[in-house]
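A quick write-up on the structure given underneath.
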Amino acid sequence: MDKRPCNSQDVEVRKGPWTMEEDLILINYIANHGEGVWNSLAKSAGLKRTGKSCRLRWLNYLRPDVRRGNITPEEQLLIMELHAKWGNKWSKIAKHLPGRTDNEIKNYWRTRIQKHIKQGENMNGQGSSEQNTDHQEGSSSQMALPLLVKQIP
DNA sequence: AATGGCTGCAACCGCTTACCA
DNA sequence: ATGGTAAGCGGTTGCAGCCAT
């Protein structure tokens with residue numbers, strides 16, 4: 001993948017944060033034509049973005065059914081249960097949380113839950129090595145689960 | 001009021017998987 | 001059966017905003 005641009009016309013590829021104008025172009029284009037092959041979609045819509053970038057933006061932010069922020073305690077519990085079961089299979093987990101994206105769940109896990117698990121482990125005085133912070137921690141996250149539900153507002 | 005550190009989120013990168021000719 | 005292409009996925013990074021000093 002990630003081949004060179006096949007013609008010299010599309011030299012300019014924008015990166016970084018999306019502007020409101022770009023968002024609108026993408027939303028309108030998909031509203032009129034639907035999702036398709038992302039690379040050609042990006043071109044046809046006149047966006048100077050890669051198809052990959054368009055897809056990510058659409059799935060994680062622009063889709064009408066995306067719910068943002070305010071992860072409920074129920075969702076949090078579910079995330080933890082599913083993570084204990086499957087590990088870092090974020091997209092799989094996201095499928096069980098309607099309106100939530102894998103990126104959001106991943107971020108939520110890494111920034112909040114993981115931190116609390118570490119704190120919990122430290123409180124146990126184990127000081128256990130940091131190797132098991134990720135998918136190996138299935139068991140430890142399960143143990144920390146009740147603690148977390150109380151701790152996270 | 002200024003500033004330095006921390007946190008959380010959006011977006012990118014690189015690898016893997018699925019599909020098609 | 002094989003090679004090429006697009007999509008999907010997970011990990012990582014950059015940066016804006018917040019908070020403590």
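None of the values given here were measured: they were computed from a predicted structure. Every chain is numbered from 1, with letters handed out A, B, ... down the list of sequences.
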Of the listed B:dC12, B:dG14, B:dA11, the closest approach to the A:Arg57 side chain comes from B:dA11
Mate of C:dA1 across any strand shown (Watson-Crick or G-U wobble, both atom pairs under 3.5 Å) is none
Check if the side chain of A:Lys52 and the base of B:dG14 share a donor-acceptor pair of N or O atoms closer than 3.5 Å.
yes
note: A:Lys106, atom NZ; C:dT13, atom P; distance rounded to Å ~ 13 Å
Atom CD of A:Glu35 and atom P of C:dA7 are separated, to the nearest Å, by 10 Å
Rounded to whole Å, CH2 of A:Trp109 lies from C1' of B:dT7 at a distance of 18 Å
When rounded to whole Å, the CG to P distance for the pair A:Asn107 and C:dC9 reads 16 Å
What residues 95-103 of chain A contributes to the DNA chain B interface at heavy-atom separation below 4.0 Å is A:Asn103
Review point. At under 4.0 Å between heavy atoms, what does A:Ser53 touch on the DNA or RNA strands: base, sugar-phosphate, or nothing?
Key: sugar-phosphate
Subject >> Test item: A:Arg49 side-chain N/O and A:Val13 main-chain N/O as donor-acceptor pair under 3.5 Å >> reply: no
ask   = Is the shortest distance from a Lys or Arg side-chain nitrogen in A:Glu75 or A:Arg67 to a carboxylate oxygen in the other one below 4.0 Å?
value = yes
Is there a donor N/O on one and an acceptor N/O on the other, under 3.5 Å, for the side chain of A:Lys89 and the base of C:dG10?
-> no
Rounded to whole Å, the CD1-C1' distance (A:Ile71 to B:dC9) equals 12 Å
| said: Over all strands shown, is A:Gly16 touching base, sugar-phosphate only, or nothing at heavy-atom distances under 4.0 angstrom? | reply: sugar-phosphate
Short side-chain to backbone donor-acceptor contact, A:Asn103 and A:Asn60, under 3.5 Å
no
Here the distance between atom P of B:dA18 and atom CH2 of A:Trp38, to the nearest Å, is 20 Å
From CG of A:Asn60 across to C1' of B:dG8 the rounded distance in Å is 15 Å
Rounded to whole Å, CG of A:Leu56 lies from C1' of C:dC9 at a distance of 10 Å
- Query: With a 4.0 Å cut-off, would you call A:Arg14 and A:Glu22 a salt bridge?
  - Reply: yes
Of B:dA10, C:dT12, B:dC13, the nucleotide closest to the side chain of A:Tyr61 is B:dA10
inquiry  = At less than 4.0 Å, is any side-chain N or O atom of A:Ser91 found next to OP1 or OP2 of C:dC9? Yes or no.
reply    = yes
query: Where does the angle between the aromatic ring planes of A:His83 and A:Trp109 fall among parallel (under 30°), tilted (30 to 60°) and perpendicular (over 60°)?
result: parallel
Practice problem: Taking only the side-chain nitrogens and oxygens of A:Arg55, find out if one of them lies under 4.0 Å from OP1 or OP2 of C:dA6. | Solution: no
Under 3.5 Å, is there a donor-acceptor pair linking the side chains of A:Gln76 and A:Tyr108?
-> yes
